[in-house]
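Notes follow the structure.
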Amino acid sequence: MNRFKLRTMAAGLSLVLLLSACTANDGVATSASESVPASTDASSSDPNAVSLADKTLDDIYGSQLGNYLNHQYYFEGEPVSMTESNFYFVDTFTELTQYAGYYYPATAEGFIDLSAAIDTTGMSEEMAQYSTYGDFFVAYSEQMLESSLIINKLAAEKGLELPAETLTQIDEIIANLQTTYADPAGISLDQYLSIYYGEGVTEESFRQTIVNYYMADLYTQDFIDNYEFDESEITVPNVRYTLYQVPQGATEEQIAAAEESANALFDEAAGDLDTFTVEAALAYTNGETADYGDIAVPNDGSLDETFTNWAWDASRQEGDIDVIYSSNFGYFVLAYLGTTEVSQSAKDQIAVEAMSLIISDAINNEEYDFYVADEYAPAPTVAPATDDALAELGLTTETTGVNAGTGSAVGSLTGNKAIDILLISLSVVGGVAIIGLAAIGVMHLSRKKEGDSLIKEKKEAESDGDNE
């Protein structure tokens, strides 16, 4: 039990320390104590509480991560604080470990297996360059680190400074770590930080890492606020639709019935938008269709390809009504409403992607002098997760994609832009610090391409509208 409590605490620590002070978005913790279970210190009344006495980095993260910490990096001729490089390696490790056993191979200790070989069959060209998950992990962590260093340099060149309230929040984070975790455990704050971020980490070096982290966030928000949009970036087709869903594994009769119903609605509308609107809404209300509504359709691959292609057809005219078939969903009856402007959250993401491209190009073109002084040795081999070990972690072979009989999880690391998207730590919108959303990039790269969810996208857009 204690090992898994330690793992849970470690996995959430970076988010706790850093997102704890982010108050720009609703739903984000405003103090470190809101996110970390109180039962993780030695003074807790919980009989299963974890004591930090005599704990080591291996107790927290397993026996592989330590091999990757305390390597000296250089940026623009200056040594990078090992605390800062360790921070990004630890954060990346905990993010990837959240998907160990699902998308990445897992060790019996319950972490991503960095010694496991990557089966690159069907993967992107970017992923094919890596032999092991340790290689992939280093590349991911390095680009997270270099991205932050570049952004901080740009922030300094622009003369940005953290506001006094942010510096106060950082002080509160440090103080909370001392009083809530280090003191009850009977250890110094330096000792506490070293357990989680590697030998030699101090309060001073850790505080500077937090400052740099928030400076990257400040620069990104400044970039968003000052980004000048081209009209073509924010003007997209607006489509009204209803869906006669064809479930996976549907019979020919079910498919034919869905097609017949969609065509019946189309015929009833007879090319009239008002009639279509009334009849489609009524069909949805009566439970005849799976979804109904209006949606702005970006041309970025986030929605169903067939649906998107119809909306972006150059010949499309306002008032057009049509029936299309999507292999991911079923039969759509669509009406073209013209164009609309994307939501503010979508604009923010466009700006973030533009900034991501700038940083990505800078990294790929080696515009900055960034390197590590020594090479990484391969991760030590540890026992892979067996079915029993996965069950102890609450995972099963039915839900994890584990190869039957081998106990080794399958890593399905595919994605449209693969590692170039994943490895840029720029998922910042509305004041949310960059590393906190790294999991989104990980999931984008890792998930199996089972078809995009148009319904999910629509409901997220509706939620954005409610929050504006």
Side-chain angles (χ1 to χ4, degrees), residues 3-4 6-12 14 57-69 88-144 375-415 418-423 438-450:
R3 173 169 60 82
F4 296 113
L6 280 167
R7 175 189 167 193
T8 300
M9 181 178 181
S14 294
L57 191 86
D58 287 358
D59 294 319
I60 307 299
Y61 303 113
S63 54
Q64 291 183 330
L65 179 61
N67 188 59
Y68 295 89
L69 301 184
Y88 286 94
F89 273 75
V90 168
D91 188 87
T92 299
F93 183 80
T94 57
E95 292 290 353
L96 293 176
T97 285
Q98 292 186 47
Y99 312 109
Y102 286 96
Y103 302 107
Y104 305 113
T107 66
E109 299 171 322
F111 304 94
I112 180 174
D113 187 353
L114 299 179
S115 67
I118 296 179
D119 179 1
T120 59
T121 303
M123 292 188 183
S124 66
E125 182 180 346
E126 291 87 347
M127 281 306 301
Q129 65 185 301
Y130 304 113
S131 299
T132 68
Y133 284 92
D135 298 336
F136 167 65
F137 164 67
V138 170
Y140 179 179
S141 302
E142 286 183 340
Q143 290 211 34
M144 296 285 274
E375 295 184 0
Y376 286 88
T381 302
V382 297
T386 62
D387 290 351
D388 289 342
L390 289 173
E392 186 180 357
L393 289 166
L395 309 176
T396 66
T397 55
E398 286 76 17
T399 60
T400 60
V402 174
N403 287 326
T406 67
S408 61
V410 177
S412 56
L413 301 170
T414 58
I419 207 161
D420 284 344
I421 293 294
L422 172 64
L423 301 185
I440 295 175
V442 174
M443 288 299 292
H444 171 75
L445 186 65
S446 304
R447 66 190 178 195
K448 296 179 180 178
K449 295 183 71 64
E450 298 172 344

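Each residue takes its place number in the sequence, starting with 1. A quick note: this is a predicted structure, and the numbers were derived from the prediction, not measured. Computation of the quantities below employed the complete heavy-atom set of this structure, encompassing side-chain atoms and omitting hydrogens, waters and symmetry-equivalent molecules.
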- Is the backbone of A100 close enough, under 3.5 Å, to the side chain of T97 for a donor and an acceptor to pair up by distance? no
- Task: Check Y376 against F89 and note the closest heavy-atom contact, atom names and distance.
- Result: OH-CZ, 3.2 Å
- Task: Determine the minimum heavy-atom distance between T381 and S115, stating which atoms define it.
- Result: CA-OG, 3.9 Å
- Query: Can you name the residues that form a side chain to side chain donor-acceptor pair (under 3.5 Å) with S131, not counting sequence neighbours?
  - Reply: none
- Query: Can you find a heavy atom in the side chain of L96 that is under 4.5 Å from one in the side chain of F137?
  - Reply: yes
- Nearest non-hydrogen partners of Q64 and L114, listed with the distance: OE1-N, 2.8 Å
- Query: Mind checking what makes side chain to side chain contact (heavy atoms under 4.5 Å, CB included) contact with P378, not counting sequence neighbours?
  - Reply: none
- Nearest heavy-atom approach of A117 to Y133 is O-CE1, 3.6 Å
- Partners meeting side chain to side chain contact (heavy atoms under 4.5 Å, CB included) with N67 (sequence neighbours left out): A377, P380
- Task: Report yes if some heavy atom in the side chain of L65 is under 4.5 Å from a heavy atom in the side chain of I60; otherwise report no.
- Result: no
- Query: For the residue pair Y61 and F111, is the inter-centroid distance of their aromatic rings smaller than 6.0 Å?
  - Reply: no
- Under a 4.5 Å cut-off applied to non-hydrogen side-chain atoms, are Y140 and Y130 in contact? no
